[in-house]
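First up is the structure itself, then whatever we jot down about it.
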Amino acid sequence: MTSRSCLTVILAAGEGTRMKSALPKVLHTIAGLPIVAHVAKAVHGAGVSDIALVVGKGGDQVEAAVRSIVSSVTVHEQTERLGTAHAVLAARASIARGYDDVLVVFGDTPLIETAALDEARDRLAEGADVVVMGFRPASPNGYGRLIEREGRLIAIREEKDASEAERRIGFCNGGLMALRGNNALALLDKITNDNANREFYLTDVVEIANADGRSVVAIEISADNVIGINTRVELAEAEAIWQTRKRRDMMLAGVTMQAPETVFFAHDTVVEADAILEPNIIFGPGVSIAGGAVIHAFSYFEGAKVGPNANVGPFARLRPGAELAAKSKVGNFVEVKNAKVGVGAKVNHLTYIGDATVGAAANIGAGAITCNYDGYNKHLTEIGANVFIGSNSSLVAPVSIGDNAYIASGSVITADVPADSLAFGRARQEVKEGRAVQLRARYAAQKLAKKAE
Ligand code: UD1
Ligand code: CA
């Protein structure tokens, strides 16, 4: 990372009609984060503090998505879409503030990595005036071709304007660029729309800079860095690449996964070293898993915190506000929402714990339910340390169960239970000896009488 000042221009004025969506293209999400916010995140990682965001009409939501990552954002509206150079020049006022480096990135290219941006900026620091990020796609169709001579980039030719020979070049323009700040505007202002599309091409800056005696270079970055999203098919492909990268990072950081291709992370998932993730787990946003925790198969998380050596699932659902303390256990078909489960507590089977606290070492039996909602309001259930809740009990909130209390199975608990007490909340069982014989005889006789009618 350099100490040079840097502005990043994010181009996001495209309409994205091929997404067939009411939502602007760059707000579709990958790992739960808008595409354009992924771009901002990479930019932020490269030590860039200022962003000039070029949007079409109604860019408020797009601006908010970028601001969620970087606070210094200036928005520029490009009312007519006349090409990528025209779009960059919509940010003229920001560029004119004067930066050492100006990066130009596309808002629909979410997989760009900080390392690629760092490399481009390094080349500027070494003396280049223009750095183009090139790549070698499987098929170059549709991309601008990079025309090099003796290690220098001479021109970028858009497919429509390229000759037969130029079309055979496999080294293509990823679209992203870095420009030396002090001559960026002077070069951009010389671009015309004299081409097949009648557009102002940013790529023309290469020939213009060369004519001006400037140093222009291409760097090669991996193809997935410059994947642009135009359709939902490409969105899904980008999601897959993002997930693959994340799984690899997680494993290299010490997380065990038996079938990594079946585990899906959100953009902000934190899993500490020595956690074990079994197959088929989905992480929504806001989840952290501490070291030593074991997450069994088919579990689903959102806004939840799992403590060290806790044990979750299989088939557990942790919803926002679920916090499991160290060594606690949440088993199969258990849902936990807005609730703290204490150290070593066990909620092993078929249970709903919502708006509650469960004390250390408490044991919640199978089928126990906190009845937290009365149709209008949510109420709290407090369960003390070392409490035993018998199977199939309903705890009707608000209600509090004191430490070491014992709730008999099948109870409906509507009033507070003090510490150390035993509570029954069910009908008392009666046994009539021999009465089953009489009952059967009576029913059999009734059946016979009916047949005879
Ligand atoms: C561009 C490059 C091409 C490169 C390709 C890589 C140019 C002239 N061509 O082509 O060499 O191989 O990217 O994907 O730069 N945008 C605006 N306003 C505009 C035009 C575009 O904001 O007036 C934005 C788009 O929303 C998009 C980005 O700029 O995010 C790129 O524009 P697009 O039209 O997709 O460029 P390509 O034709 O793909
Ligand atoms: Ca494109």
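Just so you know, ligand 1 is whichever comes first in the structure, and atom 1 is the first atom listed for that ligand.
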Best match, Asn173, Thr203, Asp204: closest heavy atom to atom 6 (C) of ligand 1: Asn173
Any heavy atom of Gly83 closer to ligand 1 than 4.0 angstrom? yes
Decide whether an N or O pair under 3.5 Å exists between Gly144 and ligand 1. yes
So for ligand 1, is Tyr143 a polar contact partner (N or O within less than 3.5 Å, distance only)? no
Do the ring planes of His38 and Trp242 sit parallel (below 30°), tilted (30 to 60°) or perpendicular (above 60°)? perpendicular
Distance-only N or O hit between ligand 1 and Gly14, under 3.5 Å: yes
Please classify the Glu199 to ligand 1 contact at 4.0 Å (heavy-atom distances, strictly less than): side chain, backbone, both or neither. neither
Would you say Asp108 contacts ligand 1, with heavy atoms under 4.0 Å as the rule? yes
Polar contact flag for His86 and ligand 1 (N/O pairs, less than 3.5 Å): no
Can you find an N/O atom of Glu158 closer than 3.5 Å to an N/O atom of ligand 1? yes
Quick look: Leu82 vs ligand 1, heavy-atom contacts under 4.0 Å, and the answer is backbone
Counting heavy atoms only, which part of Gln78 comes closer than 4.0 Å to ligand 1: side chain, backbone, both or neither? side chain
Does the separation of the ring centres of Phe135 and Tyr143 fall below 6.0 angstrom? yes
Do the rings of Phe315 and Phe333 sit parallel, tilted or perpendicular, given the 30° and 60° boundaries? parallel
Any N/O of Ala13 closer than 3.5 Å to an N/O of ligand 1? yes
Ring-face cation of Arg247 near Phe264 (centre distance under 6.0 Å, axis angle within 45°): yes
